[in-house]
Amino acid sequence: MYKLICFLFATFLFHYSQAQKFITKTGVCEFSASVPAFEPIEAKSEKMLGVLNSENGEVAALVEITTFNFPISLMQEHFNENYMDSHKFPKATFTGKINDFQLSADSTRSKVNGKLTIHGVEKEIEADIVYLGTQGSVYVRSNFVIRPEDFKIKIPKVITKKIAEEVNVELILNLKPKE
């Protein structure tokens with residue numbers, strides 16, 4: 001499966017052979033679906049793949065669902081088996097473009113528009129993004145909110161009050177030049 005994912009990203013990279021590409025295999029994706037008065041529902045993956053085309057601001061990211069780590073192993077098991085169906089839908093992906101992209105050493109705030117695919121459902125999103133070029137790499141940070149119901153993720157009624165209706169997602173990428 002990992003080879004397939006790398007092949008798909010390589011295809012994206014070589015689509016724009018003239019542009020400088022930046023890549024990471026250790027991007028961070030964190031989310032929180034916590035509600036007050038209940039146990040925090042938070043997870044983090046440090047194995048997100050990310051690609052940036054510095055010529056036009058096109059970006060792509062992929063995270064395998066099973067790489068999310070929870071503080072409580074039973075939460076992780078329920079997340080993968082009962083909610084995300086990670087055996088059927090093993091990854092989440094994003095492909096899009098940063099608006100008015102121009103790489104510089106100054107921190108730049110913008111929006112990124114694209115397609116987010118989770119649980120087999122593709123949805124157009126717009127998210128805030130901050131990026132900057134530093135010493136040969138590109139640092140990217142993005143935050144956005146998703147609703148599980150928009151991606152056909154079913155939450156049993158018994159626990160709906162323990163899980164937020166809106167999930168806060170944060171992506172952090174430190175991309176290096178592709179050699």
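- For S86 against I65, the heavy-atom pair with the smallest separation is CB-CG2, 3.8 Å.
- Atom CD in E166 sits 12.0 Å away from atom OG in S32 (nearest 0.5 Å).
- Taking the salt bridge (charged side-chain N to carboxylate O under 4.0 Å, His left out) definition, one finds that E170 meets it with R141, sequence neighbours left out.
- Among N53, L175, V140, V112, the single residue meeting the side-chain contact (heavy atoms from CB on, under 4.5 Å) criterion with V59 is V112.
- Of all heavy-atom pairs spanning A60 and T95, the tightest one is CB-CG2, 4.1 Å.
- Relative orientation of the F68 and F79 rings is perpendicular, given thresholds of 30° and 60° on the angle between their planes.
- For the atom pair Y83 OH and I163 CD1, the distance stands at 4.5 Å (nearest 0.5 Å).
- For the atom pair OG1 of T93 and CD1 of I118, the computed distance is 8.5 Å after rounding to the nearest 0.5 Å.
- S34 and A164 get closest at one heavy-atom pair: O-CB, 3.6 Å.
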What side-chain donor-acceptor pairs closer than 3.5 Å can you find for residues 35-46, not counting sequence neighbours?
residue	atom	partner	partner atom	Å
K44	NZ	E46	OE2	3.3
S45	OG	K47	N	3.2
S45	OG	T67	OG1	2.7

E64 vs L49, side chain to side chain contact (heavy atoms under 4.5 Å, CB included): CA-CA, chis, key distance, verdict = CA-CA 9 Å; E64 297 232 16; L49 301 175; over 6 Å; no

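- Taking the six-membered ring for Trp and thresholds of 30 and 60 degrees, H119 and F89 have ring planes inclined between 30 and 60 degrees apart.
- Partners of F101 by ring pair (Phe, Tyr, Trp, His ring centres under 6.0 Å), not counting sequence neighbours, listed by chain and number: Y131.
- One finds the CE atom of M84 at 12.5 Å from the CD atom of Q76 (value rounded to the nearest 0.5 Å).
- The heavy-atom pair separating F22 from S54 by the smallest distance is CE1-CB, 3.6 Å.
- I172 belongs to a hydrophobic cluster with V28, L132, Y139, counting contacts under 4.5 Å between side-chain heavy atoms of Ile, Leu, Val, Met, Phe, Trp and Tyr, direct or through other members.
- We find the SG-CG distance between C29 and L62 to be 10.5 Å, quoted to the nearest 0.5 Å.
- Put simply, CG on L103 and CG on L52 are 7.0 Å apart, with the number rounded to the nearest 0.5 Å.
- The side-chain heavy atoms of Q102 and T108, taken from C-beta on, include no pair separated by under 4.5 Å.
- For the pair P90/T66, no side-chain contact is recorded, criterion being any heavy-atom separation below 4.5 Å from C-beta on.
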Would you list the atom pairs, donor with acceptor, under 3.5 Å between side chains in residues 144-162 and any protein atom, with sequence neighbours excluded?
residue	atom	partner	partner atom	Å
R147	NH2	E149	OE2	3.0
T160	OG1	K157	O	3.2

Can I get a per-line list of side-chain donor-acceptor pairs under 3.5 Å for residues 122-130, giving both atom names and the distance, sequence neighbours left out?
residue	atom	partner	partner atom	Å
E126	OE2	N113	ND2	3.2
D128	OD1	K111	NZ	2.4

